[in-house]
Amino acid sequence: MELPSLALQIQTLPDSPGVYQFYDKDSKLLYVGKARHLKKRVSSYFNKVHDIGRTNVMVRKIRTIKHIVVATESDALLLENNLIKTLQPRYNVLLRDDKTYPWICIKKEPFSRIFSTRQMIRDGSEYFGPYTSFKTVHTILDLIRELYPLRTCNYDLTPTNIESGKYKVCLEYHIGNCKGPCEAHQSLHDYQQNVDAIREILKGNFKESMRDFKKQMNELAADMQFEQAQRIKEKMEVLEKYQSRSMVANPRITNVDVFSIVSDESAAYINFLQIAHGSVVRSHTLELKKRLEESDEELLELGIIEIRSRFRLTTREVIVPFSIDLGENLKVTVPQLGDKKQILDLSLRNAKFYRMEQLKQLQIVDPDRHTKRIMSQMQKDLRLPTEPRHIECFDNSNIQGSNPVAACVVFKDGKASKKDYRHYNIKSVEGPNDFASMEEVVYRRYKRLLDEHEPLPDLIIIDGGKGQLSSALKSLDQLELRGKIAIIGIAKRLEELFYPGDPVPLYLDKKSETLKIIQQLRNEAHRFGISFHRNKRSKGALQTSIESIPGIGEKTMTALISHFKSVKRLKLASEQEISAVVGLSKAKKITDFYKSTNSD
C-alpha cells in the first residue's frame with residue numbers, strides 16, 4: 001500500500017495536544033515530540049530551513065508521521081518522556097534510567113529493618129530515594145543508627161517465635177546498638193515509634209524527633225537521671241548538626257522542588273533540589289545530550305518530567321528560572337526576590353559546577369571532542385561560516401610614538417601556536433599612526449602567505465574598534481581576500497565585537513568560552529608586541545650608548561648588543577664578563593668609559 005504524501009499527512013493532523021512520531025523510509029523511528037497543537041507543531045518542521053544542520057537532515061529523512069492524541073499537554077509531556085526512554089529515537093535527547101540508584105528501605109515486617117538497597121520489591125515495604133550516591137545513603141543510615149537502636153538481624157520476629165524463645169540476643173545487644181526485641185526486651189510499640197521517627201527524618205522533617213528527644217531529656221533530668229539525659233542531649237546535637245548542614249532556606253518553605261538549567265551547543269544540565277521543611281534533602285543533576293535545536297524551555301520541561309518520574313516526586317509546586325507549561329495540576333513559580341530566589345540561585349550554581357566538572361573530564365579523556373565542542377560553540381557565537389580552527393590576532397605597539405612595531409599571534413584548535421607568532425617593524429608609516437600601521441601589517445602578512453602558498457586563517461581578530469578594522473579590510477581588499485576570511489575587531493573598553501559593514505557591535509556573555517579565547521588571543525598579541533617593542537627600545541638605547549665609546553666599531557657593537565641586550569646590563573657587567581665577548585683591550589675601554597660618565 002502506497003503511503004500518503006507528507007503534505008497530506010500533515011494536513012490531516014488534529015489541532016489537539018498529543019505526541020508525534022517521525023519515521024524514515026525503512027519505518028525506523030527518528031524522533032518523538034510533544035505538542036499543544038499537533039498540526040501547528042509538526043508543520044513548523046517543514047516550512048522553514050533550520051539553523052542546525054542535523055534538523056534539516058532529519059526532516060529530509062521523514063516519510064511517515066504518526067501521532068497519539070491525549071487530553072492535556074501535561075499528559076503529552078509524560079507520554080513523550082516514556083516513549084523516548086522506551087524507544088530511544090535517534091534524534092531525541094538521551095535519557096538514562098535509574099536502575100543503579102540506591103534506596104533506603106523500611107521493611108514491612110514486625111520490628112522493621114531499615115537498610116540500603118538497589119532493588120525495589122513490591123511487598124508493601126516503604127522506599128525512600130533514589131539517592132544519587134551511596135555516600136549520602138551511608139551518611140543518613142549512620143545518623144539513624146546513632147539516634148535510634150535498631151536490629152540488623154533478619155530473624156522472623158513474630159510474636160509466636162519471640163514467645164517460644166527461638167532466638168537469642170547477639171553482640172549488637174551487648175554493645176548497646178539493639179535493645180533485643182528477639183527476646184522481648186523491647187516491645188513492638190516502642191520499636192515502631194522509633195521507626196515512625198526515622199520515617200519523618202527520611203522525609204526531611206526533623207521537628208518531631210527533636211521534640212521527642214527534648215521531652216525525654218527533660219523527663220530524665222527531672223528524675224535525676226543525668227547520665228541518660230546527657231546521652232539524649234548528645235543525640236539532639238547530632239541531629240541539629242546534620243540539620244544545620246542541609247538548612248539553606250526559610251523553614252516555612254516546605255515541600256517544593258527546584259529546577260534550573262545550564263546548556264551549551266551539545267548538552268543541557270538540569271539540577272534538581274528537593275526542599276522539605278527548609279532543608280535540601282536531595283540534589284541531582286541530569287545531563288541531556290542534544291540532538292536537534294531543542295530550546296531550554298523544551299529541555300527543562302522534559303527534564304522535570306523525567307526527574308519527577310525517576311524520584312517519584314509528588315510535590316505540587318516547582319521553582320524554575322522561567323515560565324514553562326507543566327499542566328494545570330502543578331504550580332510553577334518563577335521567583336524574582338527572596339528566599340525562593342536564593343534557592344533557585346543555589347540550584348543554578350550546582351548545575352554550572354556540574355557542567356564545569358564534565359567539561360574538565362572531557363578535556364582530559366577526549367581532548368579532540370573537547371576541541372570540537374569549543375570550535376562549534378565559537379562558530380555559533382561569532383556567526384561564522386566554518387569552525388575557527390586557525391585564528392590570527394594583530395596588535396600595534398608604539399609607546400610614546402617611538403619604535404612602532406606590530407605583533408601577530410596564532411591559535412590553532414583554541415591553543416597558542418607560538419612557532420607561528422610573527423612580529424613586524426613598521427616600515428611605511430611615519431610617526432604613531434595605528435590605522436596605517438594595521439593596514440601595512442595585515443597586507444604584509446597575507447601577501448606573504450599567498451606568495452608562499454601557506455594556508456590562510458579561518459578568522460582574523462583585530463585588536464581595536466571600527467577604525468583598525470576598516471584599515472585591515474583595505475588590505476584584504478587589495479589582496480582580493482574580502483569575504484574569503486572572516487574578520488572581526490574587538491574594542492578594549494566594553495569588549496565590543498565589530499563586524500565589517502555592521503554599525504551595531506556584538507556583545508558576548510562575559511563568562512562565555514568564546515569571549516575568553518578571544519581575550520586570550522588579544523592579551524597574548526599585546527604581550528608579544530610589548531615585549532618586542534621593549535627589546536627594540538633597549539637595543540636602540542644600547543646602540544646609541546655604544547656608539548659614544550671611542551675605539552668601538554660596528555662589529556664589536558653588534559656583538560655587545562646581541563649579548564647584553566640593554567645599557568643597564570652592559571654598565572653592570574664586569575671587565576672580565578665583557579672581555580669574554582669582545583676581548584680584554586676593548587673591555588677596558590668600555591668599563592673606563594662608563595666609569596668616567598658615572599663620575600661626571
Side-chain angles (χ1 to χ4, degrees), residues 371 375 378-379 381-398 403-492 496-502 505-506 514 517-533 536:
T371 300
M375 292 296 102
M378 287 191 73
Q379 181 185 354
D381 290 345
L382 298 176
R383 306 176 302 196
L384 302 175
T386 58
E387 292 181 355
R389 294 278 178 166
H390 178 177
I391 307 174
E392 297 189 354
C393 181
F394 292 87
D395 180 47
N396 290 327
S397 295
N398 55 8
N403 304 108
V405 298
C408 171
V409 299
V410 180
F411 272 34
K412 292 183 177 177
D413 290 335
K415 296 177 182 176
S417 179
K418 294 195 175 183
K419 65 183 178 63
D420 295 312
Y421 284 15
R422 296 291 182 270
H423 50 236
Y424 298 88
N425 292 308
I426 303 302
K427 298 177 179 179
S428 63
V429 181
E430 293 292 333
N433 187 330
D434 275 351
F435 299 152
S437 298
M438 186 63 71
E439 185 177 346
E440 176 191 325
V441 171
V442 171
Y443 181 85
R444 286 168 59 188
R445 170 65 174 169
Y446 297 114
K447 178 71 166 63
R448 180 161 188 167
L449 290 185
L450 288 171
D451 290 344
E452 296 178 358
H453 303 289
E454 292 291 325
L456 296 170
D458 302 304
L459 174 65
I460 299 170
I461 297 176
I462 303 300
D463 183 13
K466 295 178 183 178
Q468 283 91 340
L469 180 61
S470 297
S471 298
L473 284 167
K474 290 178 184 177
S475 295
L476 294 186
D477 285 336
Q478 292 177 57
L479 297 168
E480 298 182 355
L481 290 176
R482 167 95 73 127
K484 296 179 181 179
I485 308 175
I487 182 169
I488 60 174
I490 177 169
K492 292 185 177 69
E496 300 165 312
L497 298 180
F498 290 96
Y499 287 75
D502 191 346
L506 173 69
T514 299
I517 290 175
I518 292 174
Q519 289 171 331
Q520 190 180 350
L521 271 153
R522 191 262 313 280
N523 295 341
E524 184 70 352
H526 188 65
R527 179 201 65 77
F528 188 60
I530 287 292
S531 63
F532 177 53
H533 187 272
K536 187 177 178 183

Examine the side chains of Tyr421 and Glu392 and answer whether a donor and an acceptor come within less than 3.5 Å of each other.
no

Flag side-chain contact, heavy atom, 4.5 Å: Asp451 against Arg448
no

How about CD on Glu452, more than 12 heavy atoms from neighbouring residues, nucleotides or ligands closer than 6.0 Å, or not?
yes

Determine, stepwise, if the pair Phe411 / Gln520 fulfils side-chain contact (heavy atoms from CB on, under 4.5 Å).
CA-CA 10 Å; Phe411 272 34; Gln520 190 180 350; 3.9 Å; yes

Is a donor on one side and an acceptor on the other found under 3.5 Å between the side chain of Ser471 and the backbone of Glu439?
no

Answer yes or no on whether Arg422 is positioned over the face of Phe394, meaning its NZ or CZ is under 6.0 Å from the six-membered ring centre and within 45° of the axis.
no

With a 3.5 Å distance limit and no angle check, can you tell me whether Tyr424 reaches the backbone of Val442 through a side-chain donor-acceptor pair?
no

Can you tell me how far apart CG (Asp477) and CZ (Arg482) are? Round to the nearest 0.5 Å.
4.0 Å

Under the side-chain contact (heavy atoms from CB on, under 4.5 Å) criterion, do Ile488 and Ile462 qualify, and how do the steps go?
CA-CA 6 Å; Ile488 60 174; Ile462 303 300; over 6 Å; no

Looking at CG of Leu497 and CG of Leu506, how far apart are the two atoms once the value is rounded to the nearest 0.5 Å?
5.0 Å

Looking at side-chain heavy atoms only, is the closest gap between Met378 and Ile517 below 4.5 Å?
yes

From CA spacing to verdict: side-chain contact (heavy atoms from CB on, under 4.5 Å), Leu450, Leu456
CA-CA 8 Å; Leu450 288 171; Leu456 296 170; 4.2 Å; yes

With rounding to the nearest 0.5 angstrom, report the CD to CD distance, Glu524 to Gln519.
14.0 Å

Do Leu473 and Pro500 come close enough that some side-chain heavy atom pair is under 4.5 Å?
yes

Go through the steps to decide whether Asp458 and His390 satisfy the test side chain to side chain donor-acceptor pair (under 3.5 Å), and finish with yes or no.
CA-CA 5 Å; Asp458 302 304; His390 178 177; 5.6 Å; no

Before accepting this row, confirm whether a basic side-chain N of the pair Arg389/Asp413 lies closer than 4.0 Å to the acidic partner's carboxylate O.
yes

Nearest 0.5 Å please: distance from the OG atom of Ser475 over to the NZ atom of Lys447.
12.5 Å

Test Leu476 against Ile460 for side-chain contact (heavy atoms from CB on, under 4.5 Å), laying out the working first.
CA-CA 11 Å; Leu476 294 186; Ile460 299 170; 4.2 Å; yes

From CG (Leu469) to CG (Asp463), nearest 0.5 Å
12.0 Å

Heavy-atom side-chain contact between Ile485 and Pro457 under 4.5 Å
yes

Rounded to the nearest 0.5 Å, what separation is found between the CG atom of Asp395 and the CD1 atom of Ile461?
12.0 Å

Under 3.5 Å: donor-acceptor pair, side chain of Ser417, backbone of Lys412:
no

